[in-house]
There are 2 protein chains.
Amino acid sequence: MEQNKIPQATAKRLPLYYRFLNNLNQQGKKRVSSKELSDAVKVDSATIRRDFSYFGALGKKGYGYNVEYLLGFFRSTLDQHEVTEVALIGVGNLGTAFLHYNFMKNNNIRITTAFDADTEKVGTDIGGVPVYDIRDLEEKLEDIKVAILTVPAVEAQVIADKLVEKGISGILNFTPARISVPKHIRVHHIDLAVELQALVYFLKHYSLDNPE
Amino acid sequence: MEQNKIPQATAKRLPLYYRFLNNLNQQGKKRVSSKELSDAVKVDSATIRRDFSYFGALGKKGYGYNVEYLLGFFRSTLDQHEVTEVALIGVGNLGTAFLHYNFMKNNNIRITTAFDADTEKVGTDIGGVPVYDIRDLEEKLEDIKVAILTVPAVEAQVIADKLVEKGISGILNFTPARISVPKHIRVHHIDLAVELQALVYFLKHYSLDNPE
DNA sequence: AATAAGTCGTGATATTTTTCACAATTCAGT
DNA sequence: ACTGAATTGTGAAAAATATCACGACTTATT
Ligand SMILES: NC(=O)c1ccc[n+]([C@@H]2O[C@H](COP(=O)([O-])OP(=O)(O)OC[C@H]3O[C@@H](n4cnc5c(N)ncnc54)[C@H](O)[C@@H]3O)[C@@H](O)[C@H]2O)c1
Ligand SMILES: NC(=O)c1ccc[n+]([C@@H]2O[C@H](COP(=O)([O-])OP(=O)(O)OC[C@H]3O[C@@H](n4cnc5c(N)ncnc54)[C@H](O)[C@@H]3O)[C@@H](O)[C@H]2O)c1
């Protein structure tokens, strides 16, 4: 694997850097320092320099970073020159919101195919994305490698199994179910209820200052 | 602060444990081992035991943990015996989805008040939650301490400032904007586009196995 | 009562992540 | 050309997190 030495914590921040570099570029800014970037993304400037350093010396001492160069570098690092197609399973409250939004800004990831079990939804287009019957997953998924899972929790494992069988590589799971998959498949859980509860917990138990 | 020694990483997992204990309890299970819990929540069993140990000896050697006892313990630790009221700002795609869902399952957090700037939305009820005019924030926020922010990114900082002025303690920010707040106020960012891009990055660069 | 199987709590260790702090370099102004 | 202010890249240290591995204890069984 190309760059297996990049720490996970760093990798998770890359899209954030990329987005802010895009903003700066659109504003016509030519150079940026780790300090400025730090103010914008709320990550310590030393951490930013360290993160960048894993990819080599991208900046110039005493000067900072060239916005256009850095943007180009991250564009290719994040494979933003090509569109990544994503499938969405479960066109309910959350799924519909995602379809309307479709991550259009500043990145090249698109939901191109959606699935649902509800016959009222199957056959419609939402935000320009066709909704297929979940029973046609086999046929319509084609070679999409990433899926967003927004079905009811009880359905999550069954659907995950089908996705795995069909050759998916990664799943962004919004259901509260902790799904089991073979270990070569990557699952990221985004558990909104947990996030909210955790925030409330922090407020009650850590309220003096705001670490993290 | 009561229990400031609990590591942040542990604190973030507490709601997850709580939810699974609730599930087990509803299934009528009386005891559970760190190993079983580990399989369910996909957290190493040693990590679970360590997490629990910060709160004292909650289990019995050779036996495991008593589900009812543990559940009760976490219920009070997470202040689940009382309802936490939350406000939502921005009743758009995402905000509407949250209002319909409203985190009803297994926890005691409720969105009770929503705000929007759109006159078509103001005055309506969504999922039983009244939507007020953002200009009435001052008057209607009352003593709610937690807000969910689902407005357009450009509005995020302005709204955050208003919330701070009104005495908010915590903000769950779904906008891509990295907002600035006084340091005694806690902001958790949930950045869905970043999560998706990070997942895609991991797939391309770490695909051999599935760490974390 | 003795034995075996199971499980916790935790000291010790390993790994990961963040932060400090400074020599080296760049740039702008004179 | 020189000076001073700015800023990187990184070794070293610190902090946070995760994991190993085992003694101590519990329960069930014979
Ligand atoms: N909406 C939220 O704010 C929110 C917040 C946190 C977590 N979640 C979680 O996200 C998931 C989706 O939530 P939601 O509010 O959108 O639910 P929802 O009930 O509105 O949507 C679920 C959708 O999945 C479809 N579906 C059901 N079974 C299916 C199957 N076998 N194959 C394909 N599609 C199927 C349903 O027809 C429906 O359209 C749930 O697991 C929920 O717990 C939602
Ligand atoms: N929808 C998604 O799937 C998604 C995904 C990732 C991030 N986001 C982010 O979440 C935020 C909301 O997204 P969305 O799709 O729901 O947008 P949206 O445009 O559907 O909703 C925004 C809502 O905020 C209201 N609003 C605008 N200005 C306001 C103000 N000053 N005060 C109060 N309300 C105001 C609008 O009337 C609208 O109802 C955006 O910042 C977006 O970038 C959304």
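Reminder, nothing fancy here: chain letters follow the sequence lines and each chain counts from 1.
In this structure, the CD atom of B/Glu36 is 7 Å from the P atom of C/dT7, given to the nearest Å. Spacing between atom NZ of A/Lys30 and atom P of C/dC27 amounts to 16 Å, rounded to whole angstrom units. Distance B/Asp39 CG to C/dG6 P: 15 Å, rounded to the nearest Å. When the C1' atom of D/dA6 is taken as reference, atom CG of A/Leu37 falls 16 Å away, rounded to whole Å. The distance from atom NZ of A/Lys12 to atom C1' of C/dT16 is 12 Å, rounded to the nearest whole Å. If you take CD of A/Gln8 and C1' of D/dA16, they are 16 Å apart, rounded to a whole angstrom. One can place CZ of B/Phe52 at 15 Å from P of C/dT7, the figure rounded to the nearest angstrom. Nucleotide C/dT10 holds its C1' atom 10 Å from the OH atom of B/Tyr54, rounded to whole Å.
A donor-acceptor contact under 3.5 Å links the side chain of A/Arg50 to the base of D/dG11.
The side chain of A/Thr47 contributes an N or O atom lying less than 4.0 Å from OP1 or OP2 of C/dT19. Checking the phosphate oxygens (OP1, OP2) of C/dT7, no side-chain nitrogen or oxygen of B/Ser34 falls inside 4.0 Å. Distances shown here put every side-chain N or O of B/Arg31 at or beyond 4.0 Å from the OP1 or OP2 atom of C/dC8. For B/Arg49 and C/dG11, the shortest distance from a side-chain N or O to OP1 or OP2 is not below 4.0 Å.
Toward the 5' end of DNA chain C, the nearer of the two residues A/Lys61 and A/Arg13, judged by each one's closest nucleotide, is A/Arg13. Between A/Gly64 and A/Ala46, the residue whose closest nucleotide on DNA chain D is further toward the 5' end is A/Gly64.
Between B/Phe103 and B/Phe98, the angle of the ring planes lies from 30° to 60°, which puts this pair in the tilted group. In this structure, B/Phe52 and B/Phe74 have tilted ring planes: the angle between them lies in the 30° to 60° band.
Set against D/dG9, C/dG9, D/dT17, the side chain of B/Ala57 has C/dG9 as its closest nucleotide. Here the nucleotide nearest the side chain of A/Ser33, chosen from D/dT7, C/dT18, C/dT7, is D/dT7.
B/Thr10 comes within contact range of no nucleotide atom at all, as no heavy-atom separation falls under 4.0 Å. As judged by a 4.0 angstrom heavy-atom cut-off over every strand, B/Ser45 is placed among residues making no nucleic acid contact. Across all strands, A/Tyr65 comes closer than 4.0 Å only to sugar-phosphate atoms, never to a base (heavy-atom distances).
B/Asp161 and B/Gln157 form a side-chain donor-acceptor contact under 3.5 Å, judged by distance and modelled atom types alone. When only modelled atom types and interatomic distance are considered, A/Lys145 and A/Thr84 share no side-chain donor-acceptor pair under 3.5 Å.
Side-chain N or O atoms of A/Asn93 include none that pairs as donor or acceptor with a backbone N or O of B/Ala97 at under 3.5 Å.
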